[in-house]
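Note on naming: letters A, B, ... go to the chains in the order of the sequence lines (proteins, then strands), and numbering restarts at 1 for each one. Please read these numbers as outputs of a predicted model, since none were measured by experiment.
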Protein chains: 2
Amino acid sequence: MKETVTVKTLAKELNISIATVSKALNDSYEISLETKQKVWDLAKKLKYQRNPSASNLRSHKTKTIAVIIPEIANNFFSLAINGIEEIARKRDYHVLIYQTHENSEIEIAFTDSLLSGRVDGILISVSSNTNNNEHFKELVKKIPVVFFDRVFEDIDAVKITTDDYESAYSATRHLIEGGCKKIAYLFALNNLVTGKNRFAGYQKALEEHGMVYTDAMVVNYDKDISKNYENIKAMVSSEKPDAIISSIEDLALPCYYVARELNLNIPGDLKIISFSNLNTAPLLNPSLTTIEQPAFEIGKEAADILFKILDKKYFDPNENHILKSSLIKRESTS
Amino acid sequence: MKETVTVKTLAKELNISIATVSKALNDSYEISLETKQKVWDLAKKLKYQRNPSASNLRSHKTKTIAVIIPEIANNFFSLAINGIEEIARKRDYHVLIYQTHENSEIEIAFTDSLLSGRVDGILISVSSNTNNNEHFKELVKKIPVVFFDRVFEDIDAVKITTDDYESAYSATRHLIEGGCKKIAYLFALNNLVTGKNRFAGYQKALEEHGMVYTDAMVVNYDKDISKNYENIKAMVSSEKPDAIISSIEDLALPCYYVARELNLNIPGDLKIISFSNLNTAPLLNPSLTTIEQPAFEIGKEAADILFKILDKKYFDPNENHILKSSLIKRESTS
DNA sequence: GCTATTCACTTAAACGTATTCGTAAATAAA
DNA sequence: TTTATTTACGAATACGTTTAAGTGAATAGC
């Protein structure tokens, strides 16, 4: 068994105190360059690695952040993580990832467990089934948190979102201008501003063109994923819309299957448009018109701000950062 | 500022020693059920949370594992992570995720940094650009490691893979039986058994049918992702194969773009088959024939075995676990 | 030339937990 | 009854850092 090399080892070897070693390793002004250099050299030679637990325990800094997301197997979130990771790596931070699988109890369990000092801060995109934000209100009082994409409105924390209202609005207009008379909507994230804004944008566009929607044309996202396909199919069968707007990516592919099943031609019989970051969108049959969110940038921005908060260089917890999504028109709406 | 509640708090409140509290919390046989119950109740009431750093420092257990993968924005890996996570959560373990972005220097930096006692074990799927396994040979001596999917052959560690040879073989046969005379191959993971086996399966099938491949028909994966498209295009233009087998998912979509660009009909002019876990494979234009790996199960299996090793209940470091992939025939090869 | 300050370092305590060793009382064995 | 064993707990230490406070020597200020 190899002896593990600690500050003590270095101190003994160099005949100086462990305090000096520690300070040298932290590049403290109290230590002469000469001594620092000796310490650094020996540390490198002996492959010294600072013990993170001991360091955390003493300094209350973990150099770790947590990312809580609904699902990793989703292009939007994996791209966001990439953005987060890019920023985290620059600061030598580690990233713990927690998936809620859209389950708000799991979400609560995670946030609770993160209060033990395991991480310095948290980035979170709320589960769609979370309908109570009391828990988050408590959370943000105890640890720095930045919300991204799926956010609550009345919470004292920085939020990074996209222009949900505007993009849903212009997507709807795009369909109307394409001649659609009956536009169905797949509603998700009902409890979050994110979902509300998207729906509001849809409503607004309809209204402006003297159109209306009925409840029957709106399918609500079901926790039970298998039910979504059935619900969409039922709605399309009975309502016979000529277009569908899906407010989340997960509901877009079921639309394709439904159209196939019901023998409907896309876009001839049914136009489809979805919030999505699918990289196969251009290769689908037919290619899918999407509202593409700047996922990577959202991740970067969120992480960036979290670090600013950790550095105590940020003081406006209620600022909303809104990035722009882009409507990418493809065959499914042409 | 709220006082943080520690074992000391509990001890004082209950008028017992902190040793007793600590032991009670760990459900030690040394403590009476009565006392344990009192401690547990108070702990719950005061929302006591064990400080992970202190606990790690003392016990040398972090309850954390690291997962090192090339890319998170890839269905195979995100599904594998889901499998890993499912197992980890059952054991109340935390999961640190590190992406190498196929860069072996970053890979080395990560593994090095994980030697500081930040995690109890590591799950790793090697970067495609890693051509030297010396570093891993050192690593596995110092910390429990399980390799999955992308693995080296001569390393003293458990490896979880799929039947790469057999599945590449049957994929190739599928094409031959479909009448293909000139089957090109997109070669990746050249340095790993994973890649070698796949290529060998392809070779074997060709050979059995008296067919040959030339170097010109084999395109090697380029670190510079943008080049892959160009290389495939050049190969298809000059060699005019009637089929392509892609040994990784990342090279499948470029084939679609190349076919489009060169005005080739899939599958009429060019059949395509790829190792892939794309969930949009059935919806592509045309739908893509895939060799689908059991990604979720691979993750579960890898995590499962890592935990067995951590429990010291596993003693065969060289056992290979091979799961079966499935060939899913779709329009791109029919 | 004397005091005040800076420099470079050390001592010692703390962070919160786990664990070894010891012990008094209760129980069992003789 | 005496001795051995078990039960239930406590005292004290260690894990590897960081940091507040202290110190002697060198330098600066006047």
Can you list the residues that meet the side chain to side chain donor-acceptor pair (under 3.5 Å) rule with S104(A), with sequence neighbours excluded? none

Taking distance alone, no hydrogens or angles, what donor-acceptor pairs closer than 3.5 Å link side-chain atoms of residues 79-89 of chain B to residues at least two apart or in another chain?
residue: N82(B); atom: OD1; partner: Q99(A); partner atom: NE2; Å: 2.4
residue: E85(B); atom: OE1; partner: H101(A); partner atom: NE2; Å: 3.2
residue: E85(B); atom: OE2; partner: Q99(A); partner atom: N; Å: 3.1

Distance alone, cut at 3.5 Å: any donor-acceptor contact between the side chains of N26(A) and R50(A)? yes

Within residues 110-119 of chain B, the residues having a heavy atom closer than 4.0 Å to DNA chain C are none

Say whether N129(B) and N103(B), considering side chains only, have a donor N or O and an acceptor N or O under 3.5 Å apart. no

Residue pairs involving residues 3-49 of chain B (criterion ring-ring contact (aromatic ring centres under 6.0 Å, His included); sequence neighbours excluded): none

Would you please name every residue forming a salt bridge (Lys or Arg N to Asp or Glu O under 4.0 Å) with E102(A), sequence neighbours left out? R150(A)

Check ring-ring contact (aromatic ring centres under 6.0 Å, His included) between F307(A) and all other residues, then give those that pass, not counting sequence neighbours. Y93(A)

My understanding is that only residues two or more places apart in sequence, or in another chain, count here; which of them pass side chain to side chain donor-acceptor pair (under 3.5 Å) with S22(B)? none

In residues 32-46 of chain B, which ones come under 4.0 Å of DNA chain D, going by heavy atoms? S32(B), T35(B)

To 10°, what angle do the rotation axes through the five end pairs on each side of the helix from dG1(C)-dC30(D) to dA30(C)-dT1(D) form? 30°

Taking the six-membered ring for Trp, are the ring centroids of F148(B) and H321(B) within less than 6.0 Å of each other? no

What string of B, S and - do you get for nucleotides 15-25 of chain C 5' to 3' if you count protein non-hydrogen atoms under 4.0 Å? BBBBBBB----

Could you check how far NZ of K63(A) sits from P of dG16(D), rounded to whole Å? 21 Å

K36(A) meets the salt bridge (Lys or Arg N to Asp or Glu O under 4.0 Å) criterion, sequence neighbours left out, with D27(A)

Is it true that the side chains of D41(A) and Q37(A) contain a donor and an acceptor less than 3.5 Å apart? yes

Could you list all the ring-ring contact (aromatic ring centres under 6.0 Å, His included) pairs where at least one residue sits in residues 111-139 of chain B, not counting sequence neighbours? F136(B)-F147(B), F136(B)-F152(B)

Measure NZ/K61(A) against P/dA14(C) and give the value in whole Å, please. 21 Å

